[in-house]
Amino acid sequence: MIGFDIKEMASDTYYDDEQEGLDEQIIIRLSYVTAENTPKGRTASRFATLVEDKTNGQVIVHLFPNATLYNDKNEWKAVQNGNVEMIAPATAKISEHYPEWQILDLPFAFPNYRAVEAAYEGEIGETLLEELDRSNVKGLDLWYNGFKQITNRDYSIKTPDDFSRLHFRTMPGEVIQEQFNQLNASSSTLPFSKTYQNLEVNFVDAQENTLSNINTKKFYDYQQYLTISNHGYLGYGVLINRDFWNSLSPSIQKAINDSISEATDWGRRHAIEINDQHARALRSNKSLDIYTLSAEERAQWFRTLQPLYDKTRQTVGSDLMKELNQIKY
Ligand code: LMR
């Protein structure tokens with residue numbers, strides 16, 4: 001008898017087929033609205049590299065920046081329906097569907113980066129991510145960007161009175177609308193990807209955003225005045241379609257979770273520096289007039305916006321508000 005066994009060959013072949021089946025490539029489409037050179041873009045790209053490495057190329061992440069696939073208006077539906085596997089919208093955009101998320105968009109909720117980190121990575125973040133279990137998405141984590149600043153077309157905004165009668169572009173979310181109501185400004189909720197052209201045609205006078213978003217989207221073309229106010233924080237929920245998630249093996253889920261945690265870590269350590277790079281670029285832009293609020297001016301904004309805290313408490317509940325207060329003091 002010649003030296004190989006047909007049964008063994010068959011079982012070897014079967015084993016190879018199994019392996020092939022197991023190694024089938026998994027594509028994750030991650031759609032987001034900002035430019036690539038932003039905290040979100042860079043964190044997403046870090047995640048893509050990490051998960052590809054950890055799975056030896058079995059999981060590939062296709063990144064779709066700049067709202068090329070979906071914008072603020074349709075990305076939520078797209079991830080629910082599985083037309084895209086992952087999105088990372090601003091927390092304000094999630095609060096449209098889950099009002100408890102409004103707590104993260106309260107003006108002056110966070111006195112510094114450490115407070116943001118404590119909320120995102122502590123009890124508040126955990127509670128909010130669990131809230132998402134009621135929908136067809138799973139909340140994986142919270143990602144960092146930075147504090148929001150104000151830009152305006154015709155003059156520097158320094159006092160609460162300076163907001164009066166201006167028309168602002170805003171993200172969705174009740175707390176943000178209320179913020180502008182309280183300041184006697186009007187507002188329109190517009191997708192991030194449409195902000196530039198709405199500034200261009202003067203449909204809106206002003207907007208709030210992080211320095212990385214202001215610089216990468218060239219809002220300064222139509223916004224000569226920038227106020228460094230650090231009045232609110234802009235960060236993201238990282239969401240994955242639940243049916244897709246449930247279809248993955250435990251080892252792939254682990255690789256994704258580990259990669260997300262490492263990417264979040266990286267984002268936390270680099271988001272400030274990325275915004276600082278954009279701050280330097282904006283400072284060297286001669287056409288831009290930059291004003292930094294004094295501590296007294298910030299305190300005046302905070303006092304004006306106080307009524308939002310009572311309203312938001314009614315929506316998010318006193319437990320979460322208590323958590324927030326404990327972080328601050
Ligand atoms: C905005 O709409 O202004 C931001 O949410 C954009 C982003 O994703 O940072």
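Atoms within each ligand, like the ligands themselves, are counted from 1 in listed order. Bear in mind that the values here come from a model prediction, so they are computed numbers and not experimental data.
- In R169, the part holding a heavy atom less than 4.0 Å from any atom of ligand 1 is the side chain.
- Side-chain atoms of N74 do not come within 3.5 Å of backbone N or O of Y70 as any donor-acceptor pair.
- Ligand 1 has K93 within reach: a non-hydrogen atom of the residue lies less than 4.0 Å from it.
- Nearest protein heavy-atom contact of atom 8 (O) of ligand 1 is K40 NZ, 2.7 Å.
- The side chain of Y236, and not its backbone, has at least one atom closer than 4.0 Å to an atom of ligand 1 (non-hydrogen atoms only; side chain from C-beta on).
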Using residues 113-120 as the side-chain source, report each donor-acceptor pair under 3.5 Å to any protein atom, sequence neighbours left out, with the distance given to one decimal.
{"from": "Y120", "atom 1": "OH", "to": "G235", "atom 2": "N", "distance (Å)": "3.4"}

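- Using a distance-only test at 3.5 Å, with no hydrogens or angles considered, no donor-acceptor pair links the side chain of Q149 to the main chain of N209.
- Other cluster members for F192: V33, L190, Y196, L199, V201, F203, V204, L211, I214, F219, Y220, Y222, L226, I228, L282, L288, I290, joined by side-chain heavy-atom distances under 4.5 Å among Ile, Leu, Val, Met, Phe, Trp and Tyr.
- Remark: minimum distance from atom 7 (C) of ligand 1 to any protein heavy atom is reached at T34 CG2, 3.3 Å.
- Between H97 and W76, the ring-plane angle classifies as parallel under the 30° and 60° cut-offs.
- Residue N213 touches ligand 1 through its side chain alone, judged by heavy-atom distances below 4.0 Å.
- In N209, the part holding a heavy atom less than 4.0 Å from any atom of ligand 1 is the side chain.
- For T38, no heavy-atom contact with ligand 1 is shorter than 4.0 Å.
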